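For clarity, every value in this text was computed on a predicted model and none was experimentally measured. Just so it is clear, the values below take in all heavy atoms, side chains as well, and ignore hydrogens, waters and symmetry mates. Quick note on labels: first sequence line is chain A, next is B, and so on, each numbered from 1.
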Number of protein chains: 2
Amino acid sequence: MELLDSEGVEGFSMRRLAARLRAGTMSLYSYVETREDVLDLALDAVMGEIALEDEDDVDWRAALTRRIEQSRQVMHRHVWITTLIGTRPLIGPASLARSDRFYATLARAGLPPLELNAAVNTLFAYVHGFVAAENVWRSTVTDPEHEAELRRQVRRHVLAHADRYPALAREADMTDGDADGGFRRGLDIILDGIEARLAA
Amino acid sequence: MELLDSEGVEGFSMRRLAARLRAGTMSLYSYVETREDVLDLALDAVMGEIALEDEDDVDWRAALTRRIEQSRQVMHRHVWITTLIGTRPLIGPASLARSDRFYATLARAGLPPLELNAAVNTLFAYVHGFVAAENVWRSTVTDPEHEAELRRQVRRHVLAHADRYPALAREADMTDGDADGGFRRGLDIILDGIEARLAA
DNA sequence: CCCACCCTTCGTACGCCGTACGGAAACACC
DNA sequence: GGTGTTTCCGTACGGCGTACGAAGGGTGGG
């Protein structure tokens with residue numbers, strides 16, 4: 001995971017991993033069948049970092065919010081995770097444990113079984129999708145100056161073709177720096193929708 | 001895109017692309033700087049397929065629903081797209097055009113500017129996240145028998161460790177085959193949340 | 001004390017990849 | 001026909017994942 005954190009998925013190779021472990025490359029294959037297996041394990045290890053926290057709040061909304069914001073933090077710590085999520089199913093033990101926590105909280109809140117699946121899937125899709133966009137941006141831009149430059153570039157393109165993107169040119173706030181607030185607002189939208197579906 | 005559709009991102013190589021075009025490998029580099037550029041173009045091309053539809057319904061909810069379900073369909077047609085989305089920013093012309101449509105619809109519906117960004121981001125995160133999970137599953141399983149087998153396997157693991165996954169063992173419907181319905185339900189959750197935020 | 005066995009470690013090699021470099025071929029113009 | 005230019009691509013380099021099998025060290029029996 002240190003190697004993944006510092007080099008990303010595409011910079012992660014069996015040779016480099018072996019070098020960092022002071023081992024021959026092929027020695028790794030006594031513990032693991034393919035490189036893909038290593039990535040499977042790394043993915044589940046991150047999910048394990050998320051599943052840790054345990055105590056279930058009285059307020060289901062507070063509990064979910066906390067858990068989800070913690071998911072986002074962990075996924076920021078390991079930027080590569082979002083590209084792995086789009087590549088392999090989340091069926092490791094730690095991934096299932098994480099699912100379990102969400103199911104438990106929502107079931108206890110009184111969500112009918114039919115809606116349960118949908119709610120959990122929606123929350124997961126939201127976190128994964130949102131953080132994926134964030135992480136892509138983070139790993140595309142290299143430094144703050146580059147970031148500002150890229151933003152200006154997009155903004156200029158939009159304004160130069162205001163006929164093609166009328167609404168964007170009029171409404172969009174390209175300078176939006178408040179990612180945390182944006183995440184929270186989207187989460188509240190979803191939680192409101194869920195709340196409306198609690199057993200009447 | 002034909003090559004990507006049939007071989008996926010990791011099976012897509014400059015050599016294979018050149019072969020399919022009856023050209024030398026290095027000839028490609030007169031039109032494109034790196035392989036990454038080709039993938040950028042492919043991503044934006046898919047976004048172009050989504051942006052196509054134009055007429056804006058009277059009912060903003062119907063319009064958004066239609067556009068989003070069409071997004072999902074297109075992303076099913078090109079399974080590789082979800083892995084690309086987690087890799088590169090959505091700032092090509094077609095991607096911006098797609099964003100523009102969503103901004104336009106929601107602004108016209110009367111969503112206050114502050115919520116506008118959050119709503120669009122939430123909708124995108126949801127579609128991308130949801131379809132990513134679907135596509136991962138689709139490309140992991142090879143045939144219906146394999147799919148059923150894998151589902152049984154996960155279910156068995158959960159039941160065998162019911163102490164670790166109490167809620168999953170109790171509540172989760174592993175056999176859930178109704179992906180379309182689930183997607184629709186999650187979308188309705190979000191749209192309800194957005195509706196609650198329309199200018200009072 | 002020696003030998004036979006097994007298990008872990010890893011050196012070598014193969015076929016793939018992206019792409020830098022520079023030569024060959026085709027074409028345009030005088 | 002000659003000359004400059006543009007398009008095309010053959011070759012080669014360094015990296016990758018991993019199959020194969022040899023080397024080395026530890027363990028037990030005689």
Side-chain angles (χ1 to χ4, degrees), chain A residues 1-46 78-92 135-136 138-142 146 150, chain B residues 1-46 78-92 135-136 138-142 146 150:
Chain A
M1 284 184 46
E2 285 171 21
L3 188 54
L4 281 166
D5 286 344
S6 69
E7 309 289 347
V9 173
E10 87 293 344
F12 172 92
S13 76
M14 295 304 265
R15 283 162 154 91
R16 296 231 245 184
L17 177 57
R20 183 173 285 231
L21 296 171
R22 281 177 222 294
T25 306
M26 291 312 288
S27 304
L28 303 178
Y29 288 90
S30 335
Y31 303 93
V32 130
E33 217 141 66
T34 66
R35 175 187 128 109
E36 298 295 293
D37 286 1
V38 185
L39 296 179
D40 283 350
L41 291 168
L43 173 60
D44 210 54
V46 172
H78 308 294
V79 185
W80 43 274
I81 200 66
T82 40
T83 88
L84 283 195
I85 286 179
T87 283
R88 41 194 26 77
L90 285 166
I91 51 178
N135 281 355
V136 163
R138 279 160 166 248
S139 53
T140 300
V141 306
T142 50
H146 179 204
L150 197 56
Chain B
M1 285 184 46
E2 285 170 21
L3 189 52
L4 281 166
D5 286 344
S6 69
E7 309 288 348
V9 173
E10 86 294 343
F12 172 91
S13 78
M14 296 302 266
R15 284 164 155 93
R16 295 230 243 183
L17 176 58
R20 183 173 284 231
L21 296 171
R22 280 177 223 292
T25 306
M26 291 312 289
S27 305
L28 302 178
Y29 288 89
S30 339
Y31 303 92
V32 129
E33 218 141 65
T34 67
R35 175 188 127 109
E36 297 295 292
D37 286 1
V38 185
L39 296 179
D40 283 350
L41 291 168
L43 173 60
D44 211 54
V46 172
H78 308 293
V79 186
W80 42 275
I81 201 66
T82 41
T83 88
L84 283 195
I85 286 180
T87 283
R88 40 195 26 81
L90 284 166
I91 52 177
N135 281 356
V136 162
R138 279 159 165 247
S139 52
T140 300
V141 307
T142 50
H146 180 204
L150 197 55

Item to complete: May I ask you to evaluate whether B:Ser13 reaches the phosphate of C:dC17, defined as a side-chain N or O under 4.0 Å from OP1 or OP2?
Response: yes

Worksheet item: Given the rule in the side-chain contact (heavy atoms from CB on, under 4.5 Å) test, do B:Leu17 and B:Arg35 qualify, once you have shown the distances and angles that lead to the verdict?
Response: CA-CA 10 Å; B:Leu17 176 58; B:Arg35 175 188 127 109; over 6 Å; no

Worksheet item: How long is the line joining CZ of B:Arg35 and P of C:dC16, in whole Å?
Response: 16 Å

Fill in: Exercise: identify the closest heavy-atom pair between B:Pro89 and A:Val136
N-CG1, 3.2 Å

When you compare the protein's N or O atoms with those of nucleotides 11-15 of chain C, which come within less than 3.5 Å of each other, and at what distance?
none

Response to the item:
Shortest non-hydrogen pair, A:Ala45 vs A:Met1, comes out as CB-SD, 3.6 Å

Worksheet item: Tell me: CD of B:Glu36 to P of C:dC17, nearest whole Å?
Response: 15 Å

Worksheet item: So, is A:Tyr31 near the phosphate of C:dT9, with a side-chain N or O under 4.0 Å from OP1 or OP2?
Response: yes

Worksheet entry | Backbone of A:Gly11 reached by a side-chain donor or acceptor of A:Arg16 within 3.5 Å | yes

Worksheet item: Rounded to the nearest 0.5 Å, what separation is found between the CG atom of A:Leu28 and the OG1 atom of A:Thr34?
Response: 11.5 Å

Worksheet, complete the sentence: Here the gap from B:Leu43 atom CG to B:Trp80 atom CH2, rounded to the nearest 0.5 Å, amounts to 7.5 Å

Worksheet item: Testing B:Asp44, B:Asp37, B:Val38 for side-chain contact (heavy atoms from CB on, under 4.5 Å) with B:Asp40, which one passes?
Response: B:Asp37

Worksheet item: Using a heavy-atom cut-off of 4.0 Å to chain A, what are the terminal contacting nucleotides of DNA chain D, in 5' to 3' order?
Response: D:dC16 to D:dC20

Fill in: Euclidean distance, B:Asn135 CG relative to B:Thr140 OG1, rounded to 0.5 Å
10.0 Å

Discussion item. Once you apply a heavy-atom cut-off of 4.0 Å, does A:Ala18 come out as touching a base, just sugar-phosphate, or nothing?
Written reply: nothing

Discussion item. In whole Å, I'd like the distance from the OH atom of B:Tyr29 to the C1' atom of C:dC17.
Written reply: 9 Å

